Amino acid sequence: MRTLIKHLLAATQPLDTVTVQAWIRTRRDAKGFSFLELNDGSCFGSLQCVVDAGAPGYEGIAAFTTGASATVEGRLVASPAQGQKWELRATRIELVGPADSTYPLQKKGHTLEFLRTIAHLRPRSNLFGAVFRTRSRLAFAVHEFFQSRDFFYIHTPIITASDCEGAGEMFRVTTLKGKPGEKPEADFFGKPTYLTVSGQLEVETFACALSNVYTFGPTFRAENSNTARHAAEFWMIEPEMAFCDLNGDMDLAEEFIKAMARHTLEHCAEDLAFFARFVDKTLNERLKFVVERPFVRVPYAEAIEILKKSGRQFEFPVNYGQNLQSEHERFLTEEHFKSPTTVFNYPREIKPFYMRLNDDQKTVTAMDVLVPGIGEVIGGAQREERPAQLAENMKAHQLNEKDYWWYADLRRYGTVPHAGFGLGFERLLMFLTGVANIRDVIPFARTPGSAEF
RNA sequence: UCCAGAGUAGCUCAAUGGUAGAGCACGCGGCUGUUAACCGUGUGGUUGUAGGUUCGAGUCCUACCUCUGGAGCCA
């Protein structure tokens, strides 16, 4: 029976007969025996195997090359040499699948750009193994966080007919062949449909029934964005809470990020050590800071004053009523506060229709959580729960009320104050691993002009 | 989409307008409880594509393609 390398490396005593099945990272030949370094992805580390020339299978040792897969049986013994606690004394080796000299993953380091061109093989590298183990663990942590706080997981639709949610350009979903004269009514759903850009509006309906809910699913934006932090397909987490205001929303957002950082420190230590050493030297310090210190909270108007008084020459001028530019966000979170920073109460003109209007009649209950190195990682708000005000907001945003009849109904029947936010899972991963490009924290990145694999 | 930069061996990179090279990978030989092993040696090229200037272009010019960084949009 196969034993994962993860369990062998964590052994507390020698083991008599074990079977390992893995991919060969490298082979080093010595006089009369060979070292095989095996990795099965179950953990960061590899297992060193010592294969004597007399062991069954050794006659074919030349084919045990980097990238090949193999089965090795043997005894787990304490290693006499430096570098590893345990090693496997092989009693039998068997090649499962060969890898010839064209195998592109060398023992040496590769650039991230090159590895993106072999996205089907890069999970076998140290970095990407670590990234995707961490990704899996954090996905689990997301559910654990919400489930332990009595949130229900809601599967909002991937296909939506709402073409004006305001979150971004949408991908069309159609079964039409694109022939001239085809009418939308002839399409599969009888009307134009799209891939979702957010599950928020739908999940609000469940918050107004089950109280605390969240989504965690794929999200699509057809924006022609070419940056290190945008992808056309990404995973978004959207909690929504009934009987909750902006303060409760900000509390949850900060608690959530802290919990994810804590979880990474506690459960991904080995992979994290690799990130801290080779990807981002400041990672450990940053994660501990995030866990231990409260986030800064600053109203938008105050943030504008800070930027104006900074004496800094920004490329884009700082003006009340305009969105914060990347350089402004970076200044606030990286230089001024040197801390994750939540900016709230934005001018109503620059935010969507569903955000609640404050008593000053000028700002809405929006909040963005900015983190050093990434920028915006969370965007959220308390929702407008007053029917008349919502109608007015929609008019101001030139939206057709009829398209949102069910959304407005939530305010018509038993309306409640409620709030939530959206968080890009990949951006969270970037923040927690130090990996600087979103294409490197998602298995197969979809970006403009690129849907290979 | 805009601005900037880069495309040369499988990978990472050199190469005054004048004979395309190195390290690594890979092959072969040697050595060794090795561990990004080591020593020797060999194979490896339509210099992103298409034009142009020139006696001569990897190098200069034009267009296009791809990638990277920054910006916008956002999560």
Side-chain angles (χ1 to χ4, degrees), chain A residues 25-38 45-52 62 65-67 77 79-84 87 89 99-118 121 125-126 165-169 197-200 215 218-238 253 278 314-316 322-330 350-352 368-371 374-380 421-431 436-442 447-450 452:
Chain A
R25 280 291 173 83
T26 179
R27 186 185 87 232
R28 294 178 291 272
D29 294 326
K31 198 165 193 85
F33 61 99
S34 295
F35 295 102
L36 286 179
E37 206 169 304
L38 298 180
S46 298
L47 177 68
Q48 170 164 288
C49 303
V50 184
V51 192
D52 283 320
T65 54
T66 301
V77 300
S79 177
Q82 294 289 314
Q84 59 281 315
E87 65 184 26
R89 299 290 304 199
D100 68 18
S101 63
T102 60
Y103 182 66
L105 260 183
Q106 298 175 7
K107 285 177 271 188
K108 302 265 176 188
H110 287 293
T111 60
L112 295 174
E113 290 80 9
F114 171 68
L115 290 166
R116 276 173 217 148
T117 68
I118 51 165
L121 295 173
S125 67
N126 281 333
E165 289 176 32
E169 291 296 311
V197 291
S198 166
Q200 182 205 313
T215 73
T219 308
F220 307 89
R221 307 267 167 98
E223 303 286 352
N224 191 8
S225 297
N226 275 292
T227 81
R229 55 190 190 284
H230 287 87
E233 176 184 301
F234 62 100
W235 285 62
M236 190 148 69
I237 297 153
E238 296 173 292
F278 291 105
F314 293 107
E315 190 186 339
F316 295 89
Q322 291 183 347
N323 261 312
L324 295 178
Q325 304 289 320
S326 287
E327 57 174 344
H328 304 148
E329 295 180 350
R330 272 207 308 275
I350 58 175
K351 290 292 180 184
D368 287 348
V369 179
L370 315 175
V371 297
I374 313 289
E376 184 180 340
V377 70
I378 284 180
F421 60 80
L423 173 140
F425 185 52
E426 284 77 14
R427 288 192 183 172
L428 178 69
L429 275 168
M430 291 166 71
F431 180 59
N437 195 310
I438 197 167
R439 298 173 184 88
D440 300 324
V441 295
I442 193 163
T447 52
S450 175
E452 191 64 58

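Chain letters run A, B, ... following the sequence lines, proteins first and then strands; every chain starts at 1. In this text the structure is predicted, and so the values were computed from the model without any measurement.
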Round to a whole Å and report the spacing from [atom1] of [X] to [atom2] of [N].
X      : N     : atom1 : atom2 : value
A:I374 : B:C74 : CD1   : C1'   : 14 Å
A:E315 : B:G69 : CD    : C1'   : 14 Å
A:L429 : B:A75 : CG    : P     : 18 Å
A:N323 : B:A71 : CG    : P     : 15 Å
A:E426 : B:A75 : CD    : P     : 14 Å
A:E113 : B:C13 : CD    : P     : 8 Å

Using a 4.5 Å cut-off on heavy atoms from C-beta on, say whether the side chain of [Y] contacts that of [X].
X      : Y      : answer
A:D440 : A:R116 : yes
A:S326 : A:R229 : yes
A:Q106 : A:T66  : no
A:F35  : A:V50  : yes
A:R25  : A:N126 : yes

Nucleotide nearest [X] (side chain, heavy atoms from C-beta), chosen from [options]:
X      : options             : value
A:S79  : B:U34, B:C74, B:G69 : B:U34
A:S450 : B:C67, B:A71, B:U34 : B:C67
A:F114 : B:C74, B:U12, B:U1  : B:U12
A:Q48  : B:A37, B:G33, B:U12 : B:G33
A:T66  : B:G69, B:C74, B:C26 : B:C26
A:I438 : B:A75, B:A37, B:U34 : B:A75
A:Q106 : B:G10, B:A71, B:U68 : B:G10
A:T26  : B:A75, B:U34, B:A37 : B:A37

What contact category does [X] fall into here, base, sugar-phosphate, or nothing, at under 4.0 angstrom with non-hydrogen atoms?
X      : value
A:E87  : base
A:H230 : base
A:G375 : nothing
A:P80  : base
A:R27  : nothing
A:T111 : sugar-phosphate
A:Q325 : sugar-phosphate
A:T117 : nothing
A:F316 : sugar-phosphate

Base B:C74 to side chain A:S225, donor-acceptor N/O within 3.5 Å cut-off: no
Parallel, tilted or perpendicular: ring planes of A:F114 versus A:H110, cut at 30 and 60 degrees: tilted
[atom1] spacing across the pair [N] / [M], given as an integer number of angstrom:
N     : M     : atom1 : answer
B:U59 : B:G52 : C1'   : 15 Å
B:G48 : B:A25 : P     : 26 Å
B:U54 : B:G17 : C1'   : 9 Å
B:A57 : B:U46 : C1'   : 15 Å
B:G56 : B:A37 : C1'   : 47 Å
B:U43 : B:G7  : C1'   : 25 Å
B:A9  : B:G42 : C1'   : 15 Å
B:G23 : B:C55 : P     : 38 Å

Look at the side-chain N and O atoms of [X] and state whether any lies under 4.0 Å from the OP1 or OP2 oxygen of [N].
X      : N     : result
A:S326 : B:G72 : yes
A:K107 : B:A37 : yes
A:N226 : B:C67 : no
A:R25  : B:A36 : no
A:R229 : B:G70 : no
A:R28  : B:A37 : yes

5'-most by nearest nucleotide on RNA chain B - A:S101 or A:R427: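 The residue closer to the strand's 5' end, by nearest nucleotide, is A:S101.
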A:T102 or A:I378, whichever maps to the more 5' nucleotide of RNA chain B: A:T102
Derivation of the side chain to side chain contact (heavy atoms under 4.5 Å, CB included) call for A:R427 and A:M236: CA-CA 10 Å; A:R427 288 192 183 172; A:M236 190 148 69; over 6 Å; no
Aromatic centroids of A:H328 and A:F316 separated by under 6.0 Å: no
So which protein nitrogen or oxygen atoms get under 3.5 Å of nucleotides 43-49 of chain B's nitrogens or oxygens?
none

Closest contact, heavy atoms only, A:Q84 versus A:S79: NE2-OG, 3.0 Å
Atom of A:G379, atom of A:D368 and distance for their closest heavy-atom approach: CA-OD1, 3.5 Å
Under the 3.5 Å Watson-Crick or G-U criterion, the dot-bracket string of RNA chain B, with | for inter-strand pairs: (((((((..((((....[..)))).(((((.......))))).....(((((..]....))))))))))))....
Step-by-step side chain to side chain contact (heavy atoms under 4.5 Å, CB included) determination, A:T219 to A:W235: CA-CA 6 Å; A:T219 308; A:W235 285 62; over 6 Å; no
Test log, rule side chain to side chain contact (heavy atoms under 4.5 Å, CB included), inputs A:L105 and A:Y103: CA-CA 6 Å; A:L105 260 183; A:Y103 182 66; 3.5 Å; yes
A:T117/A:E113 under side chain to side chain contact (heavy atoms under 4.5 Å, CB included): CA gap, chis, key distance, verdict: CA-CA 7 Å; A:T117 68; A:E113 290 80 9; over 6 Å; no
